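Below is one structure, written out as structure tokens; comments come after it.
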Amino acid sequence: MKESMDLDWQVCSRARLSRDARFDGKFFIAVLTSRVYCRSICPAPTAQEKNVRYYSSAAAAAEAGFRPCLRCRPECSPGTPAWLGTPSTVSRALRLIADGGLADGGVELLAERLGVGSRHLRRLFLQHLGATPSAVAQTRRMHFAKKLIDETSLPMSEVALASGFGCVRRFNAAIRKVYHRTPTQIRHLSRQTVIPAQNEYFFRLRFRPPYNWDGMLRFLAPRAIPGVEEVHSGCYRRTISLNKIPGWLEVSLDGENDGLAVRVQFSDPRALYTIIERVRAMFDLNADWAAIAQGLSADPVLAARTAANPGLRVPGCWNGFELAVRAILGQQITVKGATTLSGLLARTLGQPISGPGGLTYLFPAPEVLADSKLTGLGLTNARSETIRLLARAVSDGRIAFDGAAGSDEFMRRMCEIPGIGKWTAQYVAMRALGEPDAFPSGDLGLLRALSLTSPRDLEQRAETWRPWRAYASMYLWSAATVPVARALACRRDS
Ligand SMILES: [Zn+2]
């Protein structure tokens with residue numbers, strides 16, 4: 001297996017020798033003498049350069065016959081960033097794999113969903129990640145299994161199922177082969193101190209510093225849907241539902257470890273992989289800050305803002321449908337008005353649940369809103385109809401938020417629904433698809449922040465921000481006096 005051609009040997013070497021956390025997960029270090037692969041931050045004594053190989057993904061190192069290091073735990077590194085030059089097909093495929101996309105259909109089906117040939121997809125993966133899609137999926141499964149062994153007290157039979165191994169025998173064999181230890185021996189090595197309540201799990205998810213957690217909460221707090229989500233004492237909480245099973249989760253900063261602490265309450269451990277991957281996407285943990293700051297530095301306004309306030313991320317969402325409905329409800333009203341209205345919608349049509357704090361409802365599912373009259377909410381007929389049509393399109397599968405369609409195709413389908421215009425489609429693409437280059441080009445808040453008057457001028461100015469226009473938007477919004485200037489936007493959809 002070839003090492004990746006995207007890696008710059010000197011950059012990797014410097015990052016390795018200085019144990020630079022900003023490079024964590026951007027490449028992996030394989031040591032020829034120990035046959036182990038490590039993160040850039042590994043605390044073990046550094047090997048000599050001549051005994052080291054660099055790989056752009058954990059899967060590539062694993063394919064080349066190296067084992068994950070038990071000290072730095074490659075399974076804990078932040079995910080592979082979408083970097084400059086990676087075709088969007090690769091990022092979209094990684095998203096689908098993270099969402100369990102390779103679980104039932106294999107590479108053929110994955111390629112079909114992405115609209116490319118499977119040989120082409122394999123070639124792209126080998127070129128950019130140094131490993132095939134199935135090797136990437138396999139490594140992720142192995143890493144997640146290791147995380148469950150280390151960070152939870154789930155019985156091994158449940159760990160096997162939750163990490164997609166199907167049966168305990170295969171799971172045991174795979175773990176022993178990779179780690180040269182049994183799952184039970186590995187669990188003894190981990191120092192678990194907290195005994196969680198039943199169906200409750202704690203995870204630590206790493207990011208590449210800096211991470212502007214306050215900026216993230218400042219964006220999420222005014223938009224938190226009452227009953228469904230809340231921001232409280234530096235912590236974000238929300239209700240969740242997967243395969244019709246309700247639960248909740250709570251996320252806070254673990255600054256000492258360059259990570260987020262996540263507490264999940266959910267009765268089916270098989271959903272943990274999806275839940276954790278969604279949390280990672282929601283809090284933009286794959287972001288490569290160094291590359292973003294560098295990319296935005298050509299614009300003097302953004303260069304000043306990124307330097308003054310580093311580490312801002314693009315807030316994703318738990319559920320693309322919920323985000324889209326909220327964006328429609330927010331058309332032509334204030335952020336506060338939209339939040340109140342969304343809370344009323346959840347209270348009227350959502351399923352009651354008893355969570356911690358103020359968590360009392362699940363956001364209504366598409367099937368519910370598709371058949372609802374949406375009366376008593378004070379919506380115009382046209383707006384109710386837009387929400388119903390969106391809900392129907394989502395429950396029929398015509399619109400999906402998994403990123404399989406690519407953002408242009410996604411926005412085209414969104415705009416086919418009467419009442420959804422370019423602004424709403426772009427805003428939803430930016431937050432729900434994790435597309436780093438998506439941004440609402442007609443947003444008045446962005447125009448004002450740069451003293452521009454036409455969307456065309458904004459689009460032109462934004463050319464230098466590519467492929468990080470979503471991050472540029474976050475910086476411009478965060479500095480605006482009126483948050484996102486929703487109430488005043490003249491070019492918004494109606
Ligand atoms: Zn290591």
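Atoms within each ligand, like the ligands themselves, are counted from 1 in listed order. Since we're looking at a predicted model, the values are computed, not measured. These values consider heavy atoms only, across backbone and side chains, with no hydrogens, waters or symmetry-generated copies.
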Test your reading of the model: is there a side-chain donor-acceptor pair from Y475 to the backbone of V301, 3.5 Å cut-off?
no

Between the side chains of Y201 and E151, is a donor N or O closer than 3.5 angstrom to an acceptor N or O?
no

Could you check whether the rings of F66 and Y55 sit parallel, tilted or perpendicular, using 30° and 60° as the cut-offs?
tilted

Going by an N to O cut-off under 4.0 Å, is there a salt bridge joining D24 and R39?
yes

Charged N to carboxylate O below 4.0 Å: is that the case for R466 and D437?
yes

Donor on one side chain, acceptor on other, H120 and R123, under 3.5 Å
yes

Excluding waters, how many protein N/O/S atoms sit closer than 2.8 Å to the Zn ion (ligand 1)?
4

